[in-house]
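A quick write-up on the structure given underneath.
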Amino acid sequence: MKKLLIYLKDYRKETILAPLFKMLEATLELFVPLVVAAIIDVGIAGHDASCILRMTLVLILLGAVGLAFSVTAQYFSAKAAAGFVKKLRHVLFAHIQRLSYGELDTQGTSTLITRMTSDMNQVQSGVNLTLRLLLRSPFVVIGAMVMAFTVDPKSAVVFAVDIPALAVVVFGIMIASIPLYRKVQNRLASVLGMTRENLTGVRVLRAFCKEEEQAEQFRQRNQALTDTQKFVGKISALLNPVTYVIVNGAIIALIWTGAIRVDMGILTQGAVVALYNYMAQILTELIKLANLIINITKSIACGNRIQSVLEVEPSVTDSGTETAGEKGAPRGETEAGETGTIGRREKPGSGTVCVEFQDACLRYPQASDEALTGISFTASAGETIGVIGGTGSGKTSLVNLIPRFYDCSRGRVLVDGRDVREYPLGELRGKIGVVPQKAVLFAGTIRQNLQWGKKDAEEEEMLRALRLAQAEDIIEKKQDGLDSHVEQGGRNFSGGQRQRLTIARALVRRPEILILDDSSSALDFATDAALRKAIASLEPRPTLFIVSQRTSSIRHADRILVLDDGQAVGIGTHEELLQSCEVYREIYRSQFHGAEEEKGVAAE
C-alpha cells in the first residue's frame, strides 16, 4: 500500500490542508465545555442573563466557524481521495493493458475487475477518512485530557486511567480484525468470479440444465463469505459495548469524585459538567477512531491487492528500439536456398520468407506440459497457410506467437527475418491483422469499430474492407450505414455478422500478415468460400494464416499445417496430406465420410 501513496504527490496541498482544517475545528470543539461551564457557573448561578446571552452567541460562533472548517476539510480530503484514486485507476488500467495473455490468464478477469471497482472504492473511502479523522480523533482525545487537567487535576486522573484501557480494547480488536477482513475480500472475489462466470455462460448452463448445481455452488461460496463476515462482525461488535462499559465506569467515577469535591467547595458544578463533556468527547472520538481503523484496515488490504497487480511484470515487454529500416534490411534464405531481401513486400510465389518458426515451444504459466513443442516451418510472403488439428491441439497457441500475445518458452518466431522479440510491439503488430476466435465488437458505431483497425481510415477504405469481408450487405440494410449503432459486445448483430465485421476491421489496415483464427465458424460455406476468394485477390496479397477445424476452409491453402497434441504431425497440400498424414485423413473423413477422398483417388 505504501508504494501507492506516490500517486498522492500531486495533492500535497490537499493532504496538508484537510487534516489542518479538521484540527482547527477540533480545537474549537475543545473550548465548548469551558463555555458551557461559564454559562452554568456565572450566568445561571449568578442570574446573569447578559452572560448567558454572550456565551450562547460564543457557542453559535464556535459552531459556525467549526462547520466552515469542517466543510473545507471535507472538500480538500474528497478532492485528494478522488484525485488519488482517479490516477491510480488510470495507472492500473494502463498496466493491465500492458500485461500479456499469460498474466491475464493467471490473474483472472473477475479478479482484475474487482481491483478496478470495489477495491478502488474502498481505497478512496479509506484515504478520505484518513485525511479527515486520523489526526483529528487522537488530537481531540489528548486535547480533552489536557483540558480536563486544566479544570481539575485530581478529577482528571480518571482520564489518565480510562484512556489507556480504551486504547487496549480498540487496538486489540483492530489487530484481531485485520487478517479476517483480508479473508473477507478474498472470498468476495471468489463470489464475484463465480457470478461473472455464470452470467457469461448462462446459455451453456441452461443448455445442460446446470442451474441448480451452480446455484448450490454459489450458495456454498456465498455462505462461506457470510460466515466470515459474521465472525469478523461479532469481533467488531464487541467494540461499542466494551468501550461504553469502560467510559461509563469512568463517568461514574468522575461524577462521584466531582460530587464530593463540589460538596467540599473545591469544584463548581460547571466544572463537573465540563469534565463530563470532555469524557463524552473522548468516548465519541475513540469510537470514531475504532471505526476509522477498521475502514483503514479494509483499505490497506484492498490497496495491497491493487499493488500486487501493479507488481506483476509483463512477460512480453516492448524491448525493440529500432525499426527494420534503422537496422538495415536484413537478409535471409528462402526455402529454395536462394537469398533475397527480407522485409520487402513481394508477390506470391517469390519465395521470400515472411514468417518462420524455429523449434518454437510454448508453455503456459503454471502449466505442467508444453502446449506447443518443436514447431518449425516457414511461410513465404503472400502464401496461405492452413492450420488444422483437434480441439486443444495448439492451433490458436501457434498463431498467438506471431503477434507476441505469448512469447516462446523455447525456440523463436521470426517475421521478415527478424525475431519478433526484437520488434517494438507497435511496429510488429502494425504488420499483422488478427481476427480472434471470439468475435468482439465494442459499443459505438460500425465506423468506430472499423477504425480500430486503422484510426485514419477513409470511408472508401472501410467500404472496401466490408466488401472483402462479405459484410457490405450489413450496412446496406442499416438506415445509418457506417454510423449504425453497435451495442456492447455487438449484441444487436448475429454471430455471422459479428465475425464478418471483425474480419473487415482487420482488413481495413491492409496487413502484411493476416491471421484468421477460426473466424468463419459462423459463416455458411458459400460466404466462407467468397471470403477466401476475396482475400486471395488482394494486391499485394498478405501472408495468410487460416486456423480452422473445417477442412473445407483450408483445403485450397498453399500448405496445411496439421497439429496433434502441440506437435506438427504433417505439412503439405491437401492432396499430399490425404496420402501421408493419418491425423489429417481422420479429420477429413469425419467431415466428408471419405466420399470426396474416394472420388479424388478414383480420378487419379
Side-chain angles (χ1 to χ4, degrees), residues 20-74 132-133 135-167 240-241 243-290:
L20 176 62
F21 276 98
K22 209 63 183 173
M23 284 191 288
L24 289 174
E25 180 222 351
T27 302
L28 297 179
E29 191 175 315
L30 291 174
F31 287 108
V32 170
L34 298 180
V35 176
V36 172
I39 291 174
I40 294 171
D41 292 338
V42 179
I44 296 175
H47 303 285
D48 188 346
S50 63
C51 178
I52 295 174
L53 180 60
R54 286 196 308 274
M55 292 298 103
T56 302
L57 291 174
V58 170
L59 282 177
I60 294 172
L61 180 62
L62 287 173
V65 176
L67 176 63
F69 286 159
S70 179
V71 170
T72 305
Q74 176 62 55
R132 288 193 293 119
L133 298 177
L135 292 179
R136 182 190 189 280
S137 293
F139 179 80
V140 171
V141 170
I142 295 171
M145 186 171 68
V146 171
M147 296 298 286
F149 273 96
T150 63
V151 173
D152 183 43
K154 191 169 183 179
S155 299
V157 172
V158 175
F159 288 77
V161 175
D162 183 53
I163 290 175
L166 285 170
N240 283 353
T243 52
Y244 273 114
V245 167
I246 294 173
V247 169
N248 281 292
I251 288 173
I252 291 170
L254 182 64
I255 293 176
W256 179 51
T257 304
I260 293 173
R261 294 175 70 76
V262 168
D263 190 54
M264 295 171 61
I266 300 172
L267 271 182
T268 63
Q269 293 173 335
V272 174
V273 171
L275 290 171
Y276 173 81
N277 284 339
Y278 284 128
M279 184 63 73
Q281 284 183 352
I282 290 172
L283 171 62
T284 302
E285 293 305 322
L286 282 173
I287 297 298
K288 283 183 184 178
L289 183 61

* Step-by-step side chain to side chain contact (heavy atoms under 4.5 Å, CB included) determination, Phe21 to Val71 -> CA-CA 9 Å; Phe21 276 98; Val71 170; over 6 Å; no

* To do: Test Lys22 against Leu135 for side chain to side chain contact (heavy atoms under 4.5 Å, CB included), laying out the working first.
  => CA-CA 8 Å; Lys22 209 63 183 173; Leu135 292 179; over 6 Å; no

* To do: Test side chain to side chain contact (heavy atoms under 4.5 Å, CB included) on Val141 and Met145 and set out the steps.
  => CA-CA 6 Å; Val141 170; Met145 186 171 68; over 6 Å; no

* Working for side chain to side chain contact (heavy atoms under 4.5 Å, CB included), residues Leu133 and Leu289 -> CA-CA 7 Å; Leu133 298 177; Leu289 183 61; over 6 Å; no

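Contact of the Asp162 side chain with the Met279 side chain is registered, since non-hydrogen atoms from C-beta on lie closer than 4.5 Å. With a 4.5 Å cut-off on side-chain heavy atoms, Pro33 and Met147 do not count as touching. Within the 4.5 Å cutoff, no side-chain heavy atoms of Asp263 are placed close to those of Ile260. At a threshold of 4.5 Å between non-hydrogen side-chain atoms, the residues Phe31 and Val58 do not count as touching.
The environment of CD in Gln74 is crowded: more than 12 heavy-atom neighbours from other residues, nucleotides or ligands sit within 6.0 Å. Shown here is Phe149, whose CZ atom has more than 12 heavy atoms of other residues, nucleotides or ligands within 6.0 Å.
Of all the heavy atoms in Ala38 and Cys51, the pair that sits closest is O-SG, 4.5 Å. Contact record, Ala250 with Val158: O-CG1, 3.5 Å, taken as the closest heavy-atom pair. Taking both residues in full, the closest heavy atoms of Gly66 and Leu28 are given as N-CD1, 3.7 Å, listed atom of the first, atom of the second, then distance. Between Ser155 and Leu254 the shortest heavy-atom distance is O-CD1, 3.7 Å. The heavy-atom pair separating Val32 from Leu59 by the smallest distance is CG1-CD2, 3.8 Å.
Gln281 contributes a side-chain N or O that, together with a main-chain N or O of Glu29, makes up a donor-acceptor pair within less than 3.5 Å. Under a 3.5 Å cut-off, the side chain of Tyr278 and the backbone N or O of Leu30 do form a donor-acceptor pair. Under a 3.5 Å cut-off, the side chain of Thr284 and the backbone N or O of Ala280 do form a donor-acceptor pair. A distance-only check finds a donor-acceptor pair linking the side chain of Asp41 to the backbone of Gly270 [under 3.5 Å].
Between the OG1 atom in Thr56 and the CG atom in Leu61 there is a gap of 12.5 Å [rounded to 0.5 Å]. Rounded to the nearest 0.5 angstrom, Ser137 OG and Ile282 CD1 are separated by 12.0 Å. Between the CG atom in Leu34 and the CE atom in Met55 there is a gap of 11.0 Å [rounded to 0.5 Å]. The line from CZ of Arg54 to CD1 of Ile39 is 11.0 Å long, rounded to the nearest 0.5 Å. From Arg261, atom CZ reaches atom CG of Leu267 across 5.5 Å, with rounding to the nearest 0.5 Å. Rounding to the nearest 0.5 Å places CD1 of Ile252 at 11.5 Å from OG1 of Thr257.
Val272 pairs in a side chain to side chain contact (heavy atoms under 4.5 Å, CB included) with only one of the listed residues (Asn277, Val262, Asp152), which is Val262.
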